[in-house]
Amino acid sequence: MDISEIIDPLNPAQREAVTAESGNRLVLAGAGSGKTRVLVHRVAWLIRVEQAPPWAILAVTFTNKAAREMKARIEEILATPIGGMWVGTFHGLANRFLRAHWQEAGLPHSFQILDADDQYRLIRRTLKALELDEARWPPRRAMGFVNQCKDEGLRPRHLDDEGDPYRKRMIAIYREYQSACERGGLVDFGELLLRAHEVLREQAAVRHQYQERFAHILVDEFQDTNAIQYAWLRLLSGDHDNLFLVGDDDQSIYGWRGARVENIQSFQKDYANTTVVRLEQNYRSTGNILTVANALIAHNPSRLGKRLWTNDGAGEPVRQFAAFNELDEARFVIERIRQHIQVDGYRRDECAILYRTTAQSRLFEEVLIQAEIPYRVYGGLRFFERAEIRDALAYLRLVANPDDDAAFERAVNTPPRGLGPRTLDLLRDQARAAGTSLWRAARDQLEREALAPRAAKALRAFVALIEQQRARSDRPLAALAADLLVATDLPGFYLKGKDDRGQDRVENLEQLVDTVARFEAETSEDEGDAGDRLASFLAHAALEAGEAQADPDADGVQLMTLHSAKGLEFPIVFLVGLEERLFPHSLSLDDPRRLEEERRLCYVGMTRAMHQLYLTHAEKRHLHGKETYPQPSRFLREMPTEPVESVRGSRAQSRPTPQRHGQEADDGLRLGQRVCHPTFGEGVVLDCEGRGASARVQVNFADAGTKWLVLAYAKLAPAAQ
DNA sequence: TTCGAGGCGGTTTTT
DNA sequence: CCGCCTCGAA
């Protein structure tokens with residue numbers, strides 16, 4: 001076998017990782033160091049050189065996108081489909097596992113996956129059932145509590161209220177919510193992992209079967225694993241010393257949703273037989289960008305340590321811009337983008353604007369629209385998350401499993417068929433009292449003729465509709481979906497609505513039928529009866545919410561949060577809003593660990609840039625409707641001055657028109673000018689008022705904050721630059 | 001059932 | 001300031 005194809009494109013560190021003999025490997029892969037390449041080549045090495053059968057390999061990622069990419073690249077390098085290899089997300093693989101072992105897991109054959117929105121609704125319904133006031137027991141908090149427990153592998157019975165009444169109530173909510181899930185055969189995201197873990201832990205036969213099978217386990221983005229995911233990996237691996245983990249502690253930015261960077265450290269403790277490989281050569285960014293990024297991240301105390309370097313040149317300096325306000329900032333960025341496109345020949349989609357909070361995108365969008373530059377915003381509602389799609393899916397779910405309460409609640413009166421809160425409350429009470437699903441309660445009530453005639457008639461029609469479709473559910477899925485649209489008249493309902501997006505929604509519904517057809521065509525070889533196909537389509541819809549953008553190929557300037565930029569790269573990057581309380585965000589300031597995570601987020605943003613990195617902040621910004629004068633971000637101060645260059649924009653046009661305030665001060669201080677004060681240090685002039693002896697200026701000092709100073713007394717001198 | 005007024009909160013997001 | 005949600009009135 002010719003192995004040169006596998007190892008020739010690799011540098012020494014990459015080669016060491018790819019060709020490692022058996023044993024546990026931890027690959028600390030810096031940003032842009034060829035992490036995916038190492039994973040893909042490692043798989044190729046295992047199959048081609050070590051003769052591992054594909055079915056003995058398990059490769060785990062965090063997102064479907066990463067899984068798809070890895071799969072495609074493995075197939076490319078091996079020039080063959082990957083056969084029985086398990087490549088997917090933790091959740092996708094857990095789902096696959098549970099579908100195969102539903103009996104051992106104590107789940108119904110066609111259990112349904114709840115996504116975040118379903119879960120939220122079910123939590124609220126649980127609160128209602130427990131007669132808890134949402135104002136006092138916010139559903140978001142309850143949901144957070146449940147998810148956090150599941151992420152840590154904890155069931156209600158493991159939890160102790162510690163005498164805390166709040167905690168006691170949360171545990172009660174968890175218990176009640178969980179039994180609602182059990183009644184309906186519903187599994188939320190956290191439950192997928194937890195349930196899979198429990199089966200492996202408690203069923204030795206199953207555990208051994210998988211431990212024998214997976215001779216090689218590879219994990220991407222290991223720094224993002226939470227407690228249950230790590231425990232799951234440990235069970236799968238057993239004592240086989242077959243883990244190949246790739247990650248970067250400096251890019252851990254999901255601590256707030258349960259990710260534990262510490263897993264990287266504990267891995268080395270839990271597995272004695274572990275060797276560490278560092279990938280530090282960077283193939284993405286210029287030397288200057290790396291210098292500045294390295295310097296910033298060096299301020300984090302608890303790191304494993306890593307320093308990115310490049311063989312390529314230093315490149316352009318990193319550029320920094322202090323905008324007068326957020327409009328000035330946006331105009332500067334868009335002006336620069338225009339230059340890079342027109343003068344340097346970059347494409348629009350080679351320029352990215354990265355921000356800390358989604359709200360920041362708006363102004364950039366407005367200015368881009370004004371400038372008539374196409375753009376694309378990442379994030380937002382995705383296909384399967386749209387209301388109309390979820391409505392249609394609720395019907396499909398009821399066809400698959402009528403006991404699915406979450407789907408029942410959604411579908412029963414959408415479109416409105418006269419089943420109001422009165423009837424619903426009655427059904428809920430009945431279901432709860434009898435410990436059954438809403439569906440059964442509905443049929444029961446109809447049988448016993450316990451309902452008012454109007455409600456009974458409407459409910460009977462609804463039940464008949466679902467049963468009719470159920471009776472014929474062996475048809476192709478697309479036909480079923482199309483039939484349901486006709487039978488429910490969801491399209492008509494949306495067209496009638498006052499909402500001007502009615503037409504869009506109907507088109508989306510039509511697209512859903514296409515999506516179903518395509519899904520069925522692609523998976524038809526896997527056989528399975530019609531019920532299985534429907535269940536697997538629904539799982540697909542829940543696990544992979546689809547693309548947010550209608551047209552992802554469009555050549556537009558890319559706008560996204562720093563979080564969604566992870567894993568991507570762009571020739572030109574604008575990192576905007578580098579201000580205290582915005583970035584680092586005010587809610588992270590009091591906790592050193594969260595502050596470190598903010599710093600890592602900044603590092604992630606910077607290391608997205610290939611050729612040119614801009615860092616901007618505004619001296620003045622509207623936040624929650626108030627005018628604020630933020631300090632420049634501490635991250636700016638933590639960067640070296642050397643390859644960072646301050647740029648001046650042509651900002652006259654974006655300053656506020658001088659009226660009562662904002663006059664030029666007598667001695668020629670201008671708005672936006674940098675000044676120096678003997679006690680307060682350097683700052684920027686924000687505002688002026690008055691004349692002569694009473695003339696005052698407002699200055700935003702880097703360290704001392706914003707102050708009004710009387711010119712006659714304050715010894716202000718123009719600062720350098 | 002639908003609409004509008006008023007209250008409230010306001011990181012980050014995948015699965 | 002803006003968007004979301006709830007609640008009350010028609």
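So you know, we letter chains A, B, ... as the sequences are listed, proteins then strands, and number each from 1.
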Taking atom [atom2] of [N] as reference, at what distance in whole Å does atom [atom1] of [X] sit?
X: A:Tyr120; N: C:dC4; atom1: OH; atom2: P; answer: 13 Å
X: A:Trp232; N: B:dT15; atom1: CH2; atom2: P; answer: 16 Å
X: A:Asp117; N: B:dT15; atom1: CG; atom2: P; answer: 16 Å
X: A:Lys626; N: B:dG9; atom1: NZ; atom2: C1'; answer: 12 Å
X: A:Glu326; N: C:dC1; atom1: CD; atom2: P; answer: 13 Å
X: A:His624; N: C:dC1; atom1: NE2; atom2: P; answer: 13 Å
X: A:Gln360; N: B:dG10; atom1: CD; atom2: C1'; answer: 13 Å
X: A:Lys65; N: B:dT13; atom1: NZ; atom2: C1'; answer: 14 Å

Students often get this wrong, so: under 4.0 angstrom with heavy atoms, is [X] touching a base, only sugar-phosphate, or nothing?
X: A:Glu598; answer: base
X: A:Asn95; answer: nothing
X: A:Ala116; answer: base

I want to confirm an ordering. Mapping A:Glu597 and A:Asn413 to their closest nucleotides on DNA chain B, which one lands closer to the 5' end? A:Asn413

Pairwise 5' ranking along DNA chain B for A:Thr561 and A:Gly420, keeping only the more 5' one: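 On the 5' side of the pair lies A:Gly420.
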
With rounding to the nearest 0.5 Å, note down the distance linking OG1 in A:Thr63 to NZ in A:Lys566.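 Atom-to-atom, A:Thr63:OG1 and A:Lys566:NZ are 9.5 Å apart.
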
Would you mind telling me which of A:Asp117, A:Asp405, A:Asp404, A:Asp118 makes a salt bridge (Lys or Arg N to Asp or Glu O under 4.0 Å) with A:Arg410?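 The single option meeting the salt bridge (Lys or Arg N to Asp or Glu O under 4.0 Å) with A:Arg410 is A:Asp117.
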
Between C:dC5 and B:dT12, how far apart are the two P atoms, rounded to whole Å? 15 Å

Looking at A:Phe462, I'd like to know if the NZ or CZ of A:Arg417 sits under 6.0 Å from its six-membered ring centre while staying within 45 degrees of the ring's axis. no

Measuring from the side chain of [X] (C-beta onward, heavy atoms only), which nucleotide among [options] has the closest atom?
X: A:Leu543; options: C:dC2, B:dT13, B:dT15; answer: B:dT15
X: A:Trp256; options: B:dT14, B:dT12, B:dT2; answer: B:dT12
X: A:Arg362; options: C:dG3, B:dG10, B:dT15; answer: C:dG3
X: A:Thr63; options: B:dT12, B:dT14, B:dT2; answer: B:dT14
X: A:Thr89; options: B:dT1, B:dT15, B:dT13; answer: B:dT15

So, OP1 or OP2 of [N]: does either fall under 4.0 Å of a side-chain N or O from [X]?
X: A:Asn64; N: B:dT14; result: no
X: A:Asn147; N: B:dT15; result: no
X: A:Arg257; N: B:dT15; result: no
X: A:Thr358; N: B:dT12; result: yes

Flag if over 12 foreign heavy atoms under 6.0 Å of NZ, A:Lys71: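 Atom NZ in A:Lys71 is not crowded, with 12 or fewer foreign heavy atoms closer than 6.0 Å.
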
I'd like to know if the side chain of A:Glu579 reaches the main chain of A:Ala618, judged simply by a donor and an acceptor atom lying under 3.5 Å from each other, with no hydrogens or angles considered.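 Side chain of A:Glu579 to backbone of A:Ala618, a donor-acceptor pair under 3.5 Å: yes, one is there.
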
Between A:Phe90 and A:His197, is the ring centroid distance below 6.0 Å?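 Aromatic pair excluded; centres sit 6.0 Å or further apart.
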
